[in-house]
Amino acid sequence: MLTTASQFEPITLEDRIRITFEIANILQKQEFLRKLCKSLMLYGCPAHRLEYAMRQVSRTLAVDAEYVFIPNVMLVTFIDSTTHTTETHFIRQSQTFEMHRLADIYRLEKLVAHGEVSVDEALEFIDKVYDQPPIYPLWLHPFVYALAAFSGCVLFYGGRWQEAGVAAALGMVFASNEIFSAAISSFQPIWEITVCILIGFVARGIQKFGFCFTPIAFSSFIIVLPGYPMAVAIIELVSRQLVSGVVRMVYAIIYSFLLGYGVSMGSELYLTMDKNSNTTQSDVCKLASSAATCISSESQWFNFLMVPLFATAYCVYLRARPPRWPIMAAVSACGYTINYALACWGHAPSQILQVVPSFGLGLIGNCLSKFTGKMSFDAVLLGVFYLVPSSLGLKAAIGLFSGTDEVGTQGAGFALAMIESSIGITLGLFLATLIVYPKGTQHTPLMNL
(Lines give C-alpha, C1' and ligand atoms only; values in the text may rest on other atoms or scores of the structure.)
Protein backbone atom coordinates (compact mmCIF):
# COMPACT_ATOMS: atom_id res chain seq x y z
CA MET A 1 0.00 0.00 0.00
CA LEU A 2 3.04 2.30 -0.24
CA THR A 3 4.50 3.93 -3.29
CA THR A 4 7.75 5.75 -3.89
CA ALA A 5 6.27 8.23 -6.33
CA SER A 6 7.79 11.06 -4.27
CA GLN A 7 11.56 11.29 -4.05
CA PHE A 8 11.40 12.85 -0.58
CA GLU A 9 9.13 10.49 1.34
CA PRO A 10 6.80 7.62 0.50
CA ILE A 11 3.06 8.39 0.34
CA THR A 12 0.18 6.02 0.74
CA LEU A 13 -2.02 5.01 -2.16
CA GLU A 14 -5.00 6.62 -0.43
CA ASP A 15 -3.20 9.97 -0.29
CA ARG A 16 -2.23 9.67 -3.92
CA ILE A 17 -5.85 8.96 -4.93
CA ARG A 18 -7.06 11.89 -2.82
CA ILE A 19 -4.53 14.28 -4.40
CA THR A 20 -5.47 13.03 -7.88
CA PHE A 21 -9.15 13.68 -7.21
CA GLU A 22 -8.39 17.14 -5.80
CA ILE A 23 -6.38 18.08 -8.89
CA ALA A 24 -9.10 16.69 -11.15
CA ASN A 25 -11.68 18.71 -9.23
CA ILE A 26 -9.64 21.91 -9.61
CA LEU A 27 -9.17 21.31 -13.34
CA GLN A 28 -12.88 20.62 -13.71
CA LYS A 29 -13.76 23.91 -11.97
CA GLN A 30 -11.37 25.79 -14.24
CA GLU A 31 -12.91 24.18 -17.31
CA PHE A 32 -16.36 25.21 -16.11
CA LEU A 33 -15.24 28.82 -15.56
CA ARG A 34 -13.73 28.96 -19.06
CA LYS A 35 -16.90 27.59 -20.65
CA LEU A 36 -19.09 29.90 -18.56
CA CYS A 37 -17.03 32.91 -19.63
CA LYS A 38 -17.22 31.94 -23.30
CA SER A 39 -20.99 31.39 -23.05
CA LEU A 40 -21.63 34.76 -21.39
CA MET A 41 -19.60 36.54 -24.08
CA LEU A 42 -21.25 34.61 -26.91
CA TYR A 43 -24.85 35.06 -25.78
CA GLY A 44 -24.71 38.81 -25.06
CA CYS A 45 -23.99 39.37 -21.36
CA PRO A 46 -23.51 43.11 -20.57
CA ALA A 47 -19.81 43.75 -21.06
CA HIS A 48 -19.36 45.76 -17.86
CA ARG A 49 -20.90 42.89 -15.82
CA LEU A 50 -18.69 40.11 -17.19
CA GLU A 51 -15.75 40.47 -14.81
CA TYR A 52 -18.05 40.95 -11.82
CA ALA A 53 -20.15 37.88 -12.65
CA MET A 54 -17.09 35.67 -13.18
CA ARG A 55 -15.51 36.78 -9.89
CA GLN A 56 -18.74 35.97 -8.03
CA VAL A 57 -18.85 32.43 -9.40
CA SER A 58 -15.10 31.93 -8.83
CA ARG A 59 -15.50 32.95 -5.20
CA THR A 60 -18.32 30.42 -4.76
CA LEU A 61 -16.23 27.63 -6.28
CA ALA A 62 -13.16 28.63 -4.18
CA VAL A 63 -11.05 29.17 -7.28
CA ASP A 64 -8.47 31.95 -7.10
CA ALA A 65 -8.79 33.68 -10.46
CA GLU A 66 -8.49 37.11 -12.01
CA TYR A 67 -10.31 38.42 -15.09
CA VAL A 68 -9.52 41.25 -17.51
CA PHE A 69 -11.99 42.00 -20.31
CA ILE A 70 -11.32 43.87 -23.53
CA PRO A 71 -13.79 43.78 -26.44
CA ASN A 72 -14.16 40.20 -27.74
CA VAL A 73 -11.32 38.90 -25.51
CA MET A 74 -11.29 37.83 -21.86
CA LEU A 75 -7.97 37.16 -20.10
CA VAL A 76 -8.49 34.51 -17.42
CA THR A 77 -5.66 33.88 -14.93
CA PHE A 78 -5.86 30.97 -12.49
CA ILE A 79 -3.57 31.52 -9.50
CA ASP A 80 -2.15 28.72 -7.34
CA SER A 81 -0.78 30.36 -4.19
CA THR A 82 0.64 27.13 -2.78
CA THR A 83 2.98 26.47 -5.72
CA HIS A 84 3.31 30.16 -6.70
CA THR A 85 2.25 29.41 -10.26
CA THR A 86 -0.26 31.02 -12.58
CA GLU A 87 -1.97 29.89 -15.77
CA THR A 88 -3.46 32.42 -18.17
CA HIS A 89 -6.05 31.67 -20.84
CA PHE A 90 -7.10 33.93 -23.72
CA ILE A 91 -10.79 33.43 -24.45
CA ARG A 92 -11.68 35.06 -27.76
CA GLN A 93 -15.35 35.30 -28.66
CA SER A 94 -17.31 37.86 -30.65
CA GLN A 95 -20.55 38.95 -29.01
CA THR A 96 -23.97 38.14 -30.39
CA PHE A 97 -27.47 38.37 -28.93
CA GLU A 98 -29.16 35.11 -27.92
CA MET A 99 -31.41 35.96 -25.02
CA HIS A 100 -33.00 32.51 -24.74
CA ARG A 101 -29.60 30.87 -24.14
CA LEU A 102 -28.37 33.73 -21.94
CA ALA A 103 -31.43 33.23 -19.71
CA ASP A 104 -30.52 29.55 -19.29
CA ILE A 105 -26.89 30.42 -18.49
CA TYR A 106 -28.02 33.06 -15.99
CA ARG A 107 -30.24 30.51 -14.25
CA LEU A 108 -27.29 28.09 -14.10
CA GLU A 109 -25.04 30.86 -12.80
CA LYS A 110 -27.46 31.52 -9.94
CA LEU A 111 -27.64 27.82 -9.03
CA VAL A 112 -23.85 27.49 -9.02
CA ALA A 113 -23.42 30.72 -7.04
CA HIS A 114 -25.82 29.34 -4.39
CA GLY A 115 -24.10 25.93 -4.40
CA GLU A 116 -27.25 24.09 -5.54
CA VAL A 117 -25.67 22.15 -8.44
CA SER A 118 -22.37 20.34 -8.81
CA VAL A 119 -19.67 21.28 -11.30
CA ASP A 120 -20.34 18.04 -13.22
CA GLU A 121 -24.00 18.96 -13.70
CA ALA A 122 -23.12 22.54 -14.61
CA LEU A 123 -20.65 21.43 -17.31
CA GLU A 124 -23.22 19.05 -18.75
CA PHE A 125 -25.87 21.80 -18.80
CA ILE A 126 -23.57 24.32 -20.56
CA ASP A 127 -22.83 21.78 -23.29
CA LYS A 128 -26.55 21.09 -23.64
CA VAL A 129 -27.31 24.82 -24.03
CA TYR A 130 -24.55 25.19 -26.62
CA ASP A 131 -25.91 22.27 -28.65
CA GLN A 132 -29.44 23.70 -28.82
CA PRO A 133 -30.62 24.34 -32.39
CA PRO A 134 -31.22 27.99 -33.43
CA ILE A 135 -34.52 29.24 -32.07
CA TYR A 136 -35.38 31.09 -35.32
CA PRO A 137 -34.48 30.04 -38.87
CA LEU A 138 -32.07 32.05 -41.01
CA TRP A 139 -34.70 32.85 -43.65
CA LEU A 140 -36.56 34.94 -41.05
CA HIS A 141 -33.63 37.37 -40.82
CA PRO A 142 -34.59 39.63 -43.79
CA PHE A 143 -38.19 39.88 -42.62
CA VAL A 144 -37.02 41.01 -39.15
CA TYR A 145 -34.93 43.79 -40.71
CA ALA A 146 -37.88 44.76 -42.92
CA LEU A 147 -40.30 44.94 -39.98
CA ALA A 148 -37.85 47.04 -37.93
CA ALA A 149 -37.26 49.39 -40.88
CA PHE A 150 -40.99 49.74 -41.59
CA SER A 151 -42.02 50.54 -38.02
CA GLY A 152 -38.92 52.61 -37.26
CA CYS A 153 -39.45 54.77 -40.35
CA VAL A 154 -42.89 55.88 -39.14
CA LEU A 155 -42.06 55.88 -35.43
CA PHE A 156 -38.72 57.70 -35.29
CA TYR A 157 -38.02 59.37 -38.64
CA GLY A 158 -41.33 60.94 -39.63
CA GLY A 159 -41.83 58.75 -42.70
CA ARG A 160 -45.13 58.08 -44.42
CA TRP A 161 -46.40 54.65 -45.37
CA GLN A 162 -44.80 54.85 -48.81
CA GLU A 163 -41.34 55.62 -47.36
CA ALA A 164 -41.85 52.84 -44.81
CA GLY A 165 -42.54 50.34 -47.60
CA VAL A 166 -39.37 51.31 -49.50
CA ALA A 167 -37.34 51.21 -46.28
CA ALA A 168 -38.66 47.70 -45.56
CA ALA A 169 -37.60 46.50 -49.02
CA LEU A 170 -34.13 48.01 -48.61
CA GLY A 171 -33.95 46.48 -45.13
CA MET A 172 -34.47 43.04 -46.67
CA VAL A 173 -31.66 43.77 -49.15
CA PHE A 174 -29.42 44.81 -46.28
CA ALA A 175 -30.14 41.61 -44.32
CA SER A 176 -29.62 39.44 -47.41
CA ASN A 177 -26.22 41.02 -47.98
CA GLU A 178 -25.32 40.38 -44.35
CA ILE A 179 -26.09 36.68 -44.80
CA PHE A 180 -24.15 36.67 -48.07
CA SER A 181 -21.11 38.34 -46.47
CA ALA A 182 -20.96 35.64 -43.80
CA ALA A 183 -20.36 33.07 -46.54
CA ILE A 184 -17.68 35.07 -48.40
CA SER A 185 -14.92 36.33 -46.12
CA SER A 186 -13.43 38.78 -48.64
CA PHE A 187 -16.78 40.62 -48.82
CA GLN A 188 -17.09 41.07 -45.04
CA PRO A 189 -15.02 44.27 -44.56
CA ILE A 190 -16.98 46.29 -47.14
CA TRP A 191 -20.49 44.86 -47.20
CA GLU A 192 -22.02 47.57 -44.95
CA ILE A 193 -20.66 50.49 -46.95
CA THR A 194 -21.54 48.75 -50.23
CA VAL A 195 -25.18 48.31 -49.24
CA CYS A 196 -25.30 51.84 -47.81
CA ILE A 197 -24.18 53.19 -51.21
CA LEU A 198 -27.08 51.28 -52.78
CA ILE A 199 -29.51 52.63 -50.16
CA GLY A 200 -28.36 56.22 -50.71
CA PHE A 201 -28.56 55.77 -54.49
CA VAL A 202 -32.11 54.37 -54.41
CA ALA A 203 -33.36 56.87 -51.80
CA ARG A 204 -32.08 59.78 -53.85
CA GLY A 205 -33.32 58.29 -57.13
CA ILE A 206 -36.95 57.90 -56.08
CA GLN A 207 -37.04 61.37 -54.52
CA LYS A 208 -38.36 62.78 -57.80
CA PHE A 209 -41.45 60.56 -57.45
CA GLY A 210 -42.48 62.27 -54.22
CA PHE A 211 -40.56 60.10 -51.75
CA CYS A 212 -38.54 61.63 -48.91
CA PHE A 213 -34.82 60.88 -48.75
CA THR A 214 -34.18 61.18 -45.01
CA PRO A 215 -36.65 58.58 -43.59
CA ILE A 216 -35.65 55.97 -46.17
CA ALA A 217 -31.92 56.51 -45.75
CA PHE A 218 -32.02 56.42 -41.93
CA SER A 219 -34.47 53.60 -41.27
CA SER A 220 -33.33 51.04 -43.87
CA PHE A 221 -30.64 49.71 -41.51
CA ILE A 222 -31.98 51.01 -38.18
CA ILE A 223 -31.40 47.62 -36.58
CA VAL A 224 -27.60 47.84 -36.93
CA LEU A 225 -27.14 51.49 -35.95
CA PRO A 226 -24.48 51.63 -33.20
CA GLY A 227 -26.53 53.39 -30.54
CA TYR A 228 -26.37 50.44 -28.12
CA PRO A 229 -22.55 50.06 -28.43
CA MET A 230 -22.29 53.79 -27.70
CA ALA A 231 -24.39 53.42 -24.53
CA VAL A 232 -22.36 50.37 -23.43
CA ALA A 233 -19.12 52.30 -24.05
CA ILE A 234 -20.30 55.09 -21.74
CA ILE A 235 -21.33 52.53 -19.10
CA GLU A 236 -17.88 50.88 -19.28
CA LEU A 237 -16.11 54.23 -18.98
CA VAL A 238 -18.24 55.13 -15.94
CA SER A 239 -17.43 51.69 -14.49
CA ARG A 240 -13.70 52.52 -14.87
CA GLN A 241 -13.16 49.88 -17.56
CA LEU A 242 -11.17 52.33 -19.63
CA VAL A 243 -9.63 50.09 -22.30
CA SER A 244 -12.87 48.37 -23.24
CA GLY A 245 -14.89 51.61 -23.05
CA VAL A 246 -12.55 53.64 -25.25
CA VAL A 247 -12.26 50.89 -27.87
CA ARG A 248 -16.04 50.50 -28.03
CA MET A 249 -16.59 54.27 -28.14
CA VAL A 250 -14.21 54.78 -31.05
CA TYR A 251 -15.78 51.84 -32.89
CA ALA A 252 -19.32 53.21 -32.46
CA ILE A 253 -18.39 56.67 -33.73
CA ILE A 254 -16.37 55.38 -36.70
CA TYR A 255 -19.11 52.89 -37.59
CA SER A 256 -21.67 55.71 -37.62
CA PHE A 257 -19.43 57.70 -39.93
CA LEU A 258 -18.91 54.64 -42.13
CA LEU A 259 -22.65 54.18 -42.62
CA GLY A 260 -23.14 57.88 -43.20
CA TYR A 261 -20.30 58.00 -45.73
CA GLY A 262 -21.90 55.15 -47.71
CA VAL A 263 -25.31 56.82 -47.83
CA SER A 264 -23.80 60.17 -48.82
CA MET A 265 -21.68 58.52 -51.52
CA GLY A 266 -24.72 56.74 -52.98
CA SER A 267 -26.69 59.98 -53.01
CA GLU A 268 -23.89 61.92 -54.72
CA LEU A 269 -23.39 59.09 -57.21
CA TYR A 270 -27.00 59.38 -58.34
CA LEU A 271 -26.79 63.18 -58.59
CA THR A 272 -23.67 62.79 -60.74
CA MET A 273 -25.47 60.43 -63.10
CA ASP A 274 -28.71 62.43 -63.24
CA LYS A 275 -27.77 66.08 -63.69
CA ASN A 276 -31.42 67.15 -63.96
CA SER A 277 -32.42 65.66 -60.62
CA ASN A 278 -34.23 68.08 -58.34
CA THR A 279 -33.11 67.94 -54.69
CA THR A 280 -35.63 70.52 -53.47
CA GLN A 281 -37.61 69.09 -50.56
CA SER A 282 -41.37 69.29 -50.30
CA ASP A 283 -43.00 70.51 -47.12
CA VAL A 284 -43.70 66.94 -46.04
CA CYS A 285 -40.04 65.97 -46.49
CA LYS A 286 -38.89 69.05 -44.61
CA LEU A 287 -41.14 67.94 -41.75
CA ALA A 288 -39.69 64.42 -41.93
CA SER A 289 -36.08 65.67 -41.90
CA SER A 290 -36.76 67.49 -38.62
CA ALA A 291 -38.94 64.73 -37.15
CA ALA A 292 -38.79 64.16 -33.42
CA THR A 293 -40.79 62.33 -30.77
CA CYS A 294 -43.64 64.84 -31.04
CA ILE A 295 -43.43 65.50 -34.79
CA SER A 296 -44.45 62.89 -37.37
CA SER A 297 -45.98 62.78 -40.83
CA GLU A 298 -48.62 60.18 -39.95
CA SER A 299 -51.10 60.31 -37.08
CA GLN A 300 -49.42 59.52 -33.79
CA TRP A 301 -52.30 57.24 -32.88
CA PHE A 302 -50.45 54.72 -35.08
CA ASN A 303 -47.80 54.57 -32.34
CA PHE A 304 -50.06 52.06 -30.58
CA LEU A 305 -49.37 49.79 -33.56
CA MET A 306 -45.77 50.78 -34.37
CA VAL A 307 -44.33 50.39 -30.87
CA PRO A 308 -45.35 46.69 -30.55
CA LEU A 309 -44.25 45.99 -34.14
CA PHE A 310 -40.83 47.50 -33.47
CA ALA A 311 -40.61 45.47 -30.24
CA THR A 312 -41.55 42.27 -32.08
CA ALA A 313 -38.77 42.81 -34.64
CA TYR A 314 -36.19 43.30 -31.93
CA CYS A 315 -37.45 40.33 -29.88
CA VAL A 316 -36.70 38.09 -32.85
CA TYR A 317 -33.41 39.91 -33.52
CA LEU A 318 -32.36 39.35 -29.88
CA ARG A 319 -33.51 35.70 -30.18
CA ALA A 320 -35.81 35.79 -27.19
CA ARG A 321 -38.37 33.06 -26.62
CA PRO A 322 -41.98 33.98 -27.55
CA PRO A 323 -43.18 33.68 -23.90
CA ARG A 324 -40.78 36.54 -23.06
CA TRP A 325 -42.11 38.84 -25.79
CA PRO A 326 -45.05 40.35 -23.80
CA ILE A 327 -42.94 41.33 -20.78
CA MET A 328 -40.14 42.69 -23.00
CA ALA A 329 -42.60 44.72 -25.07
CA ALA A 330 -44.37 46.01 -21.94
CA VAL A 331 -41.16 47.18 -20.24
CA SER A 332 -39.84 48.88 -23.39
CA ALA A 333 -43.24 50.51 -24.01
CA CYS A 334 -43.11 51.96 -20.48
CA GLY A 335 -39.76 53.56 -21.27
CA TYR A 336 -41.06 54.95 -24.57
CA THR A 337 -44.24 56.26 -22.89
CA ILE A 338 -42.25 58.10 -20.22
CA ASN A 339 -40.07 59.63 -22.93
CA TYR A 340 -43.11 60.62 -25.02
CA ALA A 341 -44.98 62.13 -22.06
CA LEU A 342 -42.00 64.22 -20.93
CA ALA A 343 -41.19 65.42 -24.45
CA CYS A 344 -44.68 66.17 -25.77
CA TRP A 345 -46.72 67.03 -22.70
CA GLY A 346 -44.11 68.13 -20.15
CA HIS A 347 -41.81 69.88 -22.64
CA ALA A 348 -38.90 68.75 -20.48
CA PRO A 349 -35.33 69.83 -21.30
CA SER A 350 -32.98 67.38 -23.03
CA GLN A 351 -31.14 66.43 -19.83
CA ILE A 352 -34.39 65.27 -18.23
CA LEU A 353 -35.39 63.39 -21.40
CA GLN A 354 -32.13 61.46 -21.25
CA VAL A 355 -32.10 60.47 -17.58
CA VAL A 356 -35.72 59.95 -16.47
CA PRO A 357 -36.91 57.42 -19.11
CA SER A 358 -33.79 55.27 -18.64
CA PHE A 359 -34.22 55.52 -14.84
CA GLY A 360 -37.80 54.30 -15.13
CA LEU A 361 -36.71 51.53 -17.47
CA GLY A 362 -33.94 50.39 -15.14
CA LEU A 363 -36.20 50.59 -12.08
CA ILE A 364 -38.86 48.38 -13.68
CA GLY A 365 -36.25 45.89 -14.92
CA ASN A 366 -34.41 45.64 -11.58
CA CYS A 367 -37.66 45.22 -9.65
CA LEU A 368 -38.74 42.45 -12.02
CA SER A 369 -35.40 40.71 -11.53
CA LYS A 370 -35.54 41.07 -7.75
CA PHE A 371 -39.11 39.90 -7.22
CA THR A 372 -39.34 37.21 -9.91
CA GLY A 373 -35.78 35.89 -9.74
CA LYS A 374 -35.57 35.84 -13.53
CA MET A 375 -33.26 37.76 -15.85
CA SER A 376 -34.64 41.15 -16.85
CA PHE A 377 -31.68 42.20 -18.99
CA ASP A 378 -33.49 41.30 -22.22
CA ALA A 379 -36.46 43.57 -21.37
CA VAL A 380 -34.23 46.51 -20.36
CA LEU A 381 -32.06 46.00 -23.46
CA LEU A 382 -35.11 46.23 -25.71
CA GLY A 383 -36.17 49.42 -23.94
CA VAL A 384 -32.71 50.93 -24.45
CA PHE A 385 -33.08 50.36 -28.21
CA TYR A 386 -36.00 52.81 -28.04
CA LEU A 387 -33.93 55.39 -26.16
CA VAL A 388 -30.43 55.26 -27.63
CA PRO A 389 -29.72 58.22 -29.93
CA SER A 390 -28.92 56.13 -32.97
CA SER A 391 -30.38 58.66 -35.41
CA LEU A 392 -28.13 61.37 -34.02
CA GLY A 393 -25.07 59.29 -34.82
CA LEU A 394 -26.10 58.74 -38.44
CA LYS A 395 -27.24 62.34 -38.90
CA ALA A 396 -23.82 63.39 -37.64
CA ALA A 397 -22.12 61.23 -40.24
CA ILE A 398 -24.28 62.31 -43.19
CA GLY A 399 -24.10 65.95 -42.16
CA LEU A 400 -20.34 65.72 -41.91
CA PHE A 401 -19.79 64.09 -45.29
CA SER A 402 -22.54 65.67 -47.37
CA GLY A 403 -22.09 69.25 -46.22
CA THR A 404 -25.74 69.98 -47.00
CA ASP A 405 -28.39 71.59 -44.85
CA GLU A 406 -30.68 68.58 -45.24
CA VAL A 407 -29.54 66.89 -42.06
CA GLY A 408 -27.31 69.57 -40.62
CA THR A 409 -23.70 70.48 -41.26
CA GLN A 410 -22.61 70.31 -37.67
CA GLY A 411 -21.51 66.68 -37.67
CA ALA A 412 -19.31 67.07 -34.63
CA GLY A 413 -22.14 68.77 -32.76
CA PHE A 414 -24.48 65.86 -33.48
CA ALA A 415 -21.81 63.38 -32.36
CA LEU A 416 -21.39 65.26 -29.09
CA ALA A 417 -25.18 65.24 -28.65
CA MET A 418 -25.14 61.46 -29.15
CA ILE A 419 -22.48 61.07 -26.45
CA GLU A 420 -24.39 63.41 -24.12
CA SER A 421 -27.58 61.37 -24.54
CA SER A 422 -25.71 58.13 -23.88
CA ILE A 423 -24.31 59.60 -20.66
CA GLY A 424 -27.84 60.48 -19.57
CA ILE A 425 -29.07 56.96 -20.28
CA THR A 426 -26.12 55.51 -18.34
CA LEU A 427 -26.81 57.75 -15.34
CA GLY A 428 -30.47 56.74 -15.24
CA LEU A 429 -29.68 53.01 -15.40
CA PHE A 430 -27.05 53.23 -12.65
CA LEU A 431 -29.34 55.25 -10.38
CA ALA A 432 -32.05 52.60 -10.79
CA THR A 433 -29.60 49.81 -9.88
CA LEU A 434 -28.39 51.79 -6.86
CA ILE A 435 -31.95 52.20 -5.52
CA VAL A 436 -32.99 48.56 -5.98
CA TYR A 437 -29.61 47.05 -4.98
CA PRO A 438 -28.02 49.66 -2.64
CA LYS A 439 -25.50 47.13 -1.28
CA GLY A 440 -25.21 44.96 -4.37
CA THR A 441 -25.99 41.25 -4.18
CA GLN A 442 -24.36 38.74 -1.88
CA HIS A 443 -24.45 35.66 -4.11
CA THR A 444 -26.40 36.17 -7.32
CA PRO A 445 -24.39 38.02 -9.97
CA LEU A 446 -26.26 41.01 -11.40
CA MET A 447 -27.31 40.62 -15.03
CA ASN A 448 -28.51 44.07 -16.00
CA LEU A 449 -27.39 47.20 -17.79
Closest non-hydrogen atom pair, Met172 against Pro142
CG-O, 3.5 Å
Does Thr88 form a side chain to side chain donor-acceptor pair (under 3.5 Å) with Thr77? I'd like the steps, not just the answer.
CA-CA 4 Å; Thr88 301; Thr77 300; 3.2 Å; yes
Validation row: Leu361, Ile338 side chains within 4.5 angstrom (heavy atoms)
no
CA sep, side-chain torsions, deciding dist, call: Ile70, Val247, side-chain contact (heavy atoms from CB on, under 4.5 Å)
CA-CA 8 Å; Ile70 57 178; Val247 170; over 6 Å; no
State, yes or no, whether a side-chain contact exists between Phe359 and Ile435 at a heavy-atom distance under 4.5 Å.
yes
Test item: Arg101 and Arg319 side chains (from C-beta on) under 4.5 Å apart, heavy atoms
no
Tyr255 and Val224: which non-hydrogen atoms are nearest, and at how many Å?
CE2-O, 3.5 Å
So Val436 and Phe371, side-chain contact (heavy atoms from CB on, under 4.5 Å) or not? Walk me through it.
CA-CA 11 Å; Val436 180; Phe371 295 121; over 6 Å; no
Say whether, by atom type as modelled, one donor and one acceptor occur between the side chain of Gln56 and the main chain of Glu51 under 3.5 angstrom.
no
Check against side-chain contact (heavy atoms from CB on, under 4.5 Å), Met54 and Leu40
CA-CA 9 Å; Met54 293 303 301; Leu40 289 174; 3.9 Å; yes
Asn177 vs Thr194, test: side-chain contact (heavy atoms from CB on, under 4.5 Å). Steps then yes/no.
CA-CA 9 Å; Asn177 273 271; Thr194 305; 5.9 Å; no
Are the side chains of Tyr157 and Ile216 in contact, using a 4.5 Å heavy-atom criterion?
no
Any donor and acceptor pair, going by atom type alone, linking the side chain of Ser376 with main-chain N or O of Gly365 inside 3.5 Å?
yes
Should the pair Tyr317 and Tyr145 be assigned to parallel (<30°), tilted (30 to 60°) or perpendicular (>60°) ring geometry?
perpendicular
Check: Tyr261 main-chain N/O paired with Ser264 side-chain donor or acceptor under 3.5 Å
no
Is it true that Trp325 and Tyr314 have ring centroids separated by less than 6.0 Å?
no
Quick check against the 3.5 Å criterion: does Ser267 have a side-chain atom that pairs as donor or acceptor with the backbone of Val263?
no
Check whether any side-chain heavy atom of Phe377 lies under 4.5 Å from a side-chain heavy atom of Tyr106, and answer yes or no.
no
Restricting to side chain to side chain donor-acceptor pair (under 3.5 Å), what partner residues turn up for Glu66, sequence neighbours left out?
none
Determine whether Lys38 and Tyr43 make a side-chain contact, defined as any pair of heavy atoms from C-beta on separated by less than 4.5 Å.
no
Point-to-point distance, once rounded to the nearest 0.5 Å, from CE of Met99 to CG of Leu318
5.5 Å
Report yes if some heavy atom in the side chain of Tyr136 is under 4.5 Å from a heavy atom in the side chain of Val144; otherwise report no.
no
Can you tell me how far apart CE (Met74) and SG (Cys37) are? Round to the nearest 0.5 Å.
4.0 Å
Heavy-atom nearest pair, Glu87 first then Gln30, reads OE1-OE1, 3.9 Å
Grab the two heavy atoms, one from Ala432 and one from Leu363, that are nearest each other, plus how far apart they are.
CB-N, 3.3 Å
Short N-O contact, Arg160 and Glu163, less than 4.0 angstrom:
yes
To check you understand the geometry: which heavy-atom pair defines the closest contact between Phe78 and Ala65, and what is its length?
CD2-CB, 3.8 Å
How long is the span from the CZ atom in Arg321 to the NE2 atom in His100, to the nearest 0.5 Å?
6.0 Å
Distance (rounded to the nearest 0.5 Å) between Phe174 CZ and Phe221 CZ:
6.5 Å
Closer than 3.5 angstrom, by distance alone: can the side chain of Ser94 be matched with the main-chain N or O of Asn72 as a donor-acceptor pair?
no
How long is the gap from CD1 on Ile222 to CZ on Phe156, to the nearest 0.5 Å?
5.5 Å
In Å, rounded to the nearest 0.5 Å, how long is the span from CZ of Arg49 to CD1 of Ile235?
8.5 Å
In terms of heavy-atom contacts, Asp378 and Met328 come closest through O-CE, 3.6 Å
Donor-acceptor contact present, side-chain Ser358 to main-chain Ile425, <3.5 Å
yes
If a pair satisfies salt bridge (charged side-chain N to carboxylate O under 4.0 Å, His left out) and one of its residues is in residues 123-135, list it, with sequence neighbours excluded.
Lys35-Asp127
Side-chain (Asn339) to main-chain (Gly335) donor-acceptor, under 3.5 angstrom:
no
List the steps, then state whether ring pair (Phe, Tyr, Trp, His ring centres under 6.0 Å) holds for Phe310 with Tyr386.
CA-CA 9 Å; Phe310 192 75; Tyr386 282 86; 5.1 Å; yes
Are side-chain heavy atoms of Leu75 and Val73 found at a separation under 4.5 Å?
yes
Tyr270 ring centre to Arg204 NZ or CZ under 6.0 Å, with the angle to the axis within 45°?
no
